[in-house]
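Written out below as structure tokens is the structure these notes cover.
First listed ligand is number 1; within each ligand, the first listed atom is number 1.
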Amino acid sequence: MDKTFSPILWEDNHLKLLDQTKLPSEEIWLDCTTPQHVADAILCLAVRGAPSIGVAAAYGVILGVQGVAESELENAFHDTASFLEGTRPTAVNLRWAIEQGRQVFAKTSNQGTQAVCDALLDLAHRLKAQEIASCQQMGQFGSELFDDGNRVLTHCNAGALATVGYGTALGVIRAAWENGKKVEVWVDETRPLLQGARLNSWELKQLGIPFHVIPDNSAGAIMSRGWVDRIVVGADRIAANGDAANKIGTYSVAVLAQHHNVPFYVAAPLSTIDLDTATGADIPIEERNPDEVTNILGQQQITPDDTLAMNLAFDVTPNDLIAAIITEMGVLKPPYTESIKDAFERAQSN
Ligand code: MRU
């Protein structure tokens, strides 16, 4: 996997997405020519991971306004923006990207459909480049937190697939590896949709970084044997006080990390930090179809018919369990209310 790999491409006036539901067995690219195609891809997790969802939506709004009559432009844009914004509630990057689309639209709407499309495309390209650059920068900061030979545990996929390229949590691991540190990775399989087993393995194998996949419920046993030196995960939304929402199961890992004295890091760009969300209690948590729990990847039912199941897609790790938040503006330490505010101020003055 070279540095230019991206699961999100804009070609011939439409969006191409590497279908993450089919990995690792098949590498299939979806052609999205309508906002509905993009919404379907977000909902079924063909495109997933907070930064990737945001960038896909930034391109997706263009599909709702391309070629529309000037008289329809206003409605077409706002309907598409609200439609895509409503697809998934937890990752703030989605709202962040759509909000920037709205600002671009407000500035260009009086110049006609083509000018709006050009400006929205320019924005989407910029957001994509910015997310990749942020990941590479946070990788360099995060790499400093690892020692040669560290065994690093991660949960869910926060790699190139989730971030338009390079990766946050996996990006930090990758940067440490590229900087010559011989790290090894414990990959939580990440029930129920197996983003760890399917997607981290796909990425780590290509990068040549050694890893073992483990059932989620063996993380504690592995920590108790002293086999985990660091933990790094991504985030879907970080509140202003540093509480971090990430894939369900992350909170359990953080509690185990504290018990076993293992540093627990969250790696995320500033686009994932939501200053308008005061604490983790204010983060909306997506609840997904229970069938994802009662079936293995939609292929085999594992419970009796009509079994009730609960499928929370994310949980919140309280800030006091997080040793540091790794961002493109540096490694933020507690108290997070201050260090996050400071990072935003520094980013603004750049
Ligand atoms: O439901 P998913 O697969 O979109 O959840 C993704 C995660 O929880 C990732 O860890 C998070 O978005 C960070 S990606 C850099």
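One finds no salt bridge joining Asp148 and Lys182 here, because no Lys/Arg side-chain nitrogen approaches an Asp/Glu carboxylate oxygen to under 4.0 Å. At a threshold of 4.0 Å, the pair Arg88-Asp236 does not count as salt-bridged, since none of the basic side-chain nitrogens sits closer than that to a carboxylate oxygen. A salt bridge is absent between Asp216 and Arg191; no separation between the charged side-chain nitrogens and carboxylate oxygens falls under 4.0 Å.
Applying the 4.0 Å criterion to heavy atoms of Phe314 picks out, from ligand 1, the atoms 1 (O), 5 (O), 8 (O). Of all the atoms in ligand 1, the ones that sit under 4.0 Å from a non-hydrogen atom of Thr163 are 15 (C). Residue Gln195 has at least one heavy-atom neighbour below 4.0 Å for each of these atoms of ligand 1: 1 (O), 2 (P), 3 (O).
For the pair Trp177/Pro210, a side-chain contact is recorded, criterion being any heavy-atom separation below 4.5 Å from C-beta on.
In the candidate list Lys247, Arg288, Glu131, Arg48, Lys247 is nearest to atom 1 (O) of ligand 1, counting heavy atoms. Among Asp236, Asp315, Ile248, the residue whose heavy atom sits closest to atom 7 (C) of ligand 1 is Asp236. The option with the heavy atom closest to atom 14 (S) of ligand 1, from among Ala160, Ala244, Ala268, Ala162, is Ala162.
Residue Ala50 has at least one nitrogen or oxygen atom sitting less than 3.5 Å from a nitrogen or oxygen atom of ligand 1, judged on distance alone. Residue Gly49 has at least one N or O atom closer than 3.5 Å to an N or O atom of ligand 1.
Heavy atoms of Pro51 approach ligand 1 to within less than 4.0 angstrom. Judged by the shortest distance from any of its heavy atoms, Arg88 lies inside the 4.0 Å radius around the atoms of ligand 1.
Between the side chain of His78 and the backbone N or O of Arg102, no donor-acceptor pair lies under 3.5 Å.
The environment of Glu11 atom CD is dense: over 12 non-hydrogen atoms of other residues, nucleotides or ligands sit within 6.0 angstrom.
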Should Gln130 and Leu127 be marked as a side chain to side chain contact (heavy atoms under 4.5 Å, CB included) after you check the CA-CA gap, both sets of side-chain angles, and the distance that decides it?
CA-CA 5 Å; Gln130 183 182 321; Leu127 295 183; 4.1 Å; yes
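At the shortest separation from atom 9 (C) of ligand 1 among protein heavy atoms lies Asn246 OD1, 3.4 Å. Of the protein's non-hydrogen atoms, Thr168 OG1, 3.1 Å is the one closest to atom 15 (C) of ligand 1.
For Asp320, the salt bridge (charged side-chain N to carboxylate O under 4.0 Å, His left out) criterion is met by no residue, not counting sequence neighbours.
The ring of Tyr59 has its center no closer than 6.0 angstrom to the ring center of His14.
At a heavy-atom cutoff of 4.0 Å, ligand 1 is contacted by the backbone of Ala235 but not by its side chain.
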